[in-house]
Every structure is written in C-alpha cells, then in structure tokens.
Amino acid sequence: KRSMARALSILVVLAALGAPARAQSVEAETLFVEGEKLMAAGQIDKACDAFAASNRLEARAGTLINLGLCEEKRQRFASAWIAFREALTRVKDPVKKQVATERAAAVEARLSYLTIELPYPKIDALTITRDNQPVDPALFGRAIPIDGGQHSVVASAPGRVRWTGSVQIANERDKTTV
C-alpha cells in the first residue's frame, strides 16, 4: 500500500510540474485527461477505459503507467503488469521508469496463472481459444498470467468432438490448469 501511495504521489508531482507525461495527439490527450478526472472521482472502470483508448490512439509511457495503476485498483493484476512492462519499453524519464519498475515488480508477485495442457499428443488442425481469442500453440503447457474472473476455454479440431470448459481464476496468486 505504501509503495502504491508513493507511486501515486510521484505521478501527482509529475503532473504538477508539467512534466511531459501526456500523449501528444489531441484525441489521445483528451482521453488521457478524462481518465485522470475519472480516476480522481473514483470512477475506476471508466478511467481505465479512457486510458486504454488513449493508449490505443498513441501509446505513451505515462498513459501506460496510469493504465497500470488503474487496472491494479480493479485487481486486474495481469493487465496492470503488462501495462507497466510495456511502459518500461517506452519510458525515458527516470522517475517514471522507477515507478513502472516498482509497480511491475509489486504486481508480478500477485499474478494468477492459467496453464492449458493437452491430454493427447499433437492433434492436426487443433485450435484452442480462451475467451474467444486464439491461443498460440507455443503457449500450450505454459503458465500464462491472467486476470481473475470466469474464463472460457474451447478446443476444436476437424473430425473431433468440440470441448468447452470454464474456469474461475482468483484475482491473485492462483495457479490453475485446464
């Protein structure tokens, strides 16, 4: 809690000093500012949506850090972790780098993981989706960070019976295999 409060106070200081923490395009900037206001008002879900939209328009380290802090408040630790890690690929400011590094490490300790195991040897044309998104075969058998909540897994292949499963993942420190 103390390091999160410290990270938030660092970001407040950056904003007060006019540090270049914001996106440059007008559209991305508008969404970023809206995200800040929503976060301050405690409207976390809407704030996360605004930061995510700003980032889609123009990915910036400051936006990603704010998105990570927002996702962390929602206890979506995998989403927060990836936002902080992505911020580290863009950050130039040493203070922002420290914040992103500290938050990524703190969130990483809380991650939940899902492993998708195959019960049979390789099946031709096998496709697996998680929450309607294709899962790359390189990820089979690997523990992948995932946000907590209900997740669906579907496996299908020509000439085979389609398999559908559902798994509930705890918000933090869960390790589940399907």
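Position 1 is the first residue of the sequence, and the numbers go up from there.
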Counting N and O atoms only, with roles assigned by atom type, does the side chain of [X] sit under 3.5 Å from a partner on the main chain of [Y], one being a donor and the other an acceptor?
| X | Y | value |
| --- | --- | --- |
| Thr101 | Lys97 | yes |
| Thr176 | Leu114 | no |
| Glu58 | Ser25 | yes |
| Asp136 | Ala138 | yes |
| Thr30 | Val26 | yes |

Is there a side-chain contact between [X] and [Y] in this structure, where contact means two heavy atoms from C-beta onward sitting under 4.5 Å apart?
| X | Y | value |
| --- | --- | --- |
| Leu126 | Phe140 | yes |
| Trp81 | Arg110 | no |
| Thr115 | Val178 | no |
| Leu57 | Asn55 | no |
| Arg130 | Ser152 | no |

Closest approach of [X] to [Y] (non-hydrogen atoms, all atoms of both residues):
| X | Y | answer |
| --- | --- | --- |
| Tyr113 | Ile146 | C-CG2, 4.0 Å |
| Leu67 | Ala52 | CD1-N, 4.0 Å |
| Asn66 | Met39 | O-CE, 4.2 Å |
| Ala87 | Ala100 | CB-CB, 4.3 Å |
| Ala104 | Arg85 | CB-CD, 4.2 Å |
| Arg76 | Asp147 | C-OD1, 3.1 Å |

Any chain of hydrophobic side-chain contacts (each under 4.5 Å) joining [X] to [Y]?
| X | Y | value |
| --- | --- | --- |
| Leu64 | Phe77 | no |
| Leu88 | Val95 | no |
| Trp163 | Val154 | no |
| Ile44 | Leu31 | no |
| Leu69 | Val107 | yes |

Next on the checklist: As a quick check of understanding, evaluate side chain to side chain contact (heavy atoms under 4.5 Å, CB included) for Ile116 and Val135, giving each step before the final call.
Outcome noted: CA-CA 9 Å; Ile116 298 174; Val135 176; 4.1 Å; yes
Does [atom1] in [X] sit with more than 12 non-hydrogen atoms of other residues, nucleotides or ligands closer than 6.0 Å?
| X | atom1 | result |
| --- | --- | --- |
| Arg173 | CZ | yes |
| Arg90 | CZ | yes |
| Asp124 | CG | no |

Item to check | Verdict with reasoning, Thr127 to Ser156, per side-chain hydrogen bond (donor to acceptor under 3.5 Å, both in side chains) | outcome: CA-CA 5 Å; Thr127 59; Ser156 61; 3.0 Å; yes
Checklist entry - In Å, rounded to the nearest 0.5 Å, how long is the span from OG of Ser166 to CD of Gln150? => result 3.5 Å
Checklist entry - Do the charged groups of Lys37 and Glu34 touch, with an N to O distance under 4.0 Å? => result no
